[in-house]
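Numbered from 1 within each chain, the chains take letters A, B, ... in sequence-line order. Please read all numbers here as calculations on a predicted model, not as lab measurements.
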There are 2 protein chains.
Amino acid sequence: MPKHPTIVDVARLAGVSTATVGRVINGQDDIVREKTRRRVLEAISQLGYERNSVAGSLRTDRTCMIALSIPDITNPFWPEVARGVQDTLEAHDYTVVTVNSDWDAARELRYLKMVRRNRFDGLIINPTDANLTDFHSMGIPIVILGSEEGYPNYDSVGSATTQAVQEALEYLYRLGHRRIGLIAGRSRRRRSTNRYHPYVDFLARKQLRLDEALIVHSEFSLQAGASAMRELLSLREPPSAVFAANDIIAIGAMQTAQAMGWRIPEQLSIIGMDNVYAAATTSPPLTTIAKPKYEIGVRAADMLLARLGGDDSPARHIQLACTLIERGSTAAPGC
Amino acid sequence: MPKHPTIVDVARLAGVSTATVGRVINGQDDIVREKTRRRVLEAISQLGYERNSVAGSLRTDRTCMIALSIPDITNPFWPEVARGVQDTLEAHDYTVVTVNSDWDAARELRYLKMVRRNRFDGLIINPTDANLTDFHSMGIPIVILGSEEGYPNYDSVGSATTQAVQEALEYLYRLGHRRIGLIAGRSRRRRSTNRYHPYVDFLARKQLRLDEALIVHSEFSLQAGASAMRELLSLREPPSAVFAANDIIAIGAMQTAQAMGWRIPEQLSIIGMDNVYAAATTSPPLTTIAKPKYEIGVRAADMLLARLGGDDSPARHIQLACTLIERGSTAAPGC
DNA sequence: CATCAAAATGAGAACGTTCTCATTGGAGTG
DNA sequence: CACTCCAATGAGAACGTTCTCATTTTGATG
């Protein structure tokens, strides 16, 4: 493979200086004669010249590359978020490097170092453990995916989880359910209050008695959801409906209830959250609260683009509304 | 944010030349005195110096970055492949940029240009339309994901689809099915022969009559699978089992059969291919042929690493074996 | 023609690292 | 001590682009 032609080669062939070639390839047409410009473009075409971004980046201290750090691309929630980020940033000629933290702090820190070493222009991150000091040392714009808790001075985009929980519970209440179980998630970063408190508030508002036995804390997996459901269905007075912290938990819970002989939704209603692909393909299909995954990605990328463009206004925190998706896993009790 | 310290700063503080600093940070400990090395490391620590990969890349003509081009990260098949590539290459200090071709030739070409412009070291690609000329002009090692057809001189990794089809059909045959429908996919790149020919060969081997009405060609979506199943079930003599080109088609087909009142698997058995996440969460769970997605990614990355390491042996084509995953969508006919 | 001002172009330093070849330092030997 | 040899270190060019400031060219005017 022959060496790539450089602007020195182009300049020689076109009979101009490298500064003039630079002006042409960077679109400074207002200060280059049309005749000169044409000579340069002809030389570029003849040589098959293509700009070397590495060299440009060294000079300008801009790589036009950003990193997206998510927990795991194989988790069904994240591909759409990633896709929103990629589409938006690529449309502005940025290149996106996607990395997987696996909820591991040391791994995340290694990625932060990689971002610094490569002089990436920005970072979009669903943090595992990174703290303010880590972020400050990056010296680049950062946008948080998810809750802004702990990062008040950084832009963040998440979903309006409190509103979503209320909506799910209100839906079940309107169907007639009064004894509603909660399979709450266990977040690495937070005390798992984002579904618990809205649940408690809801009960208070409807003047329903809080029964702590109806609340089970669970990891975010099929198996953990299954285990939590077994616990709920072993109660002296099982719930007539269950709201699960996400679809994966809900699917595991639903499959277990069915395996135990419970008819869904006639005997027991189930609602999840996220609207991952598999939620639509269960039987019955899962009623769920859809998080706007792609939109979260798009908005995060928009915010980062604003920062990269020089915006230094105070940090913004966006909570995108979720949508109730009625499918077949919910019905009035005793249907 | 203050300017990043450079090796010039380190050299000054340590009282050595930049060449010595370079030797230390690149691990050439055999030719640097321990005393000198310690002075350099102390200066590095004091200044918080971190290597600038951009500058190093310009000098060495190696970026330690590679691109992975897949059709769409939100398609449930691809995240695991991507994960296999990422894990393997990152373990060797490469950074992976994942891009989505969306089966669009112009888009793919734009990404190839991006790879060249950024001087990436290699490319792993499930091609949409890229041809040999496009690949040759990249001047870097390339590994094909999927069939090697059309790219005999490039390394490739795919799954042994012929063996997989035979295995699925053999399984249905052993269950007692004699009238087996085929919902064949429609590939952009190939004549969709990779499931059709093994199907025909299988029938010949079992001395079963070939009935072309039992073969429907379909796009790779839920809706297309649904439509194909309606066609098969409208036959005068419907099949007792259906083999679908992938899980998404199979799920759409199964849901449609159920909606039409067919009991799965008692009246109709269904097998898919891929073992995507949703296949395990349908009801009944889908019997499928699992493609080793993560392993495909790992092997592709291994091959690329070998090329990056100087291996110039003839191209290799690997077809990884698939695995039958028995779940609840298949049974003996008339069960 | 000469002069002036604005537009067009050129020269070369800068970016931060790596590498090659020259130079220096240190140890061993007579 | 002087000499030799090898290891350790240094000087500076190279990589390919961008940008700043100097120089040249061009067109208008008197």
Assert: residue with more 5' nearest nucleotide on DNA chain D, out of L58(B) and I31(B), is I31(B)
V54(A) vs V16(B), nearer the 5' end of DNA chain D by closest nucleotide: V16(B)
Taking atom P of dA7(D) as reference, at what distance in whole Å does atom CZ of R33(B) sit? 12 Å
To the nearest angstrom, how far is D29(B) atom CG from dT9(D) atom P? 12 Å
With distance as the sole criterion, is a donor-acceptor pair present between the side chains of S101(B) and T128(B) under 3.5 Å? yes
Students often get this wrong, so: under 4.0 angstrom with heavy atoms, is [X] touching a base, only sugar-phosphate, or nothing?
X      : result
V32(A) : sugar-phosphate
R51(B) : sugar-phosphate
D30(B) : sugar-phosphate
S53(A) : nothing

side-chain contact (heavy atoms from CB on, under 4.5 Å) between I125(A) and L145(A), worked out: CA-CA 6 Å; I125(A) 184 168; L145(A) 291 172; over 6 Å; no
Does Y111(A) form a side-chain hydrogen bond (donor to acceptor under 3.5 Å, both in side chains) with N100(A)? I'd like the steps, not just the answer. CA-CA 9 Å; Y111(A) 285 129; N100(A) 309 277; 5.1 Å; no
Full working for side-chain hydrogen bond (donor to acceptor under 3.5 Å, both in side chains) between S57(B) and T63(B): CA-CA 5 Å; S57(B) 297; T63(B) 52; 5.6 Å; no
Ring centroid separation F135(A) to Y154(A) under 6.0 Å: yes
Extract, from 5' to 3' on DNA chain C, the first and final nucleotides lying under 4.0 angstrom from some heavy atom of chain B. dG16(C) to dG26(C)
Nearest-nucleotide check on DNA chain C, N26(B) vs T60(A); residue mapping nearer the 5' end is T60(A)
For D87(B), is there an ion pair with R107(A) - N to carboxylate O distance below 4.0 angstrom? yes
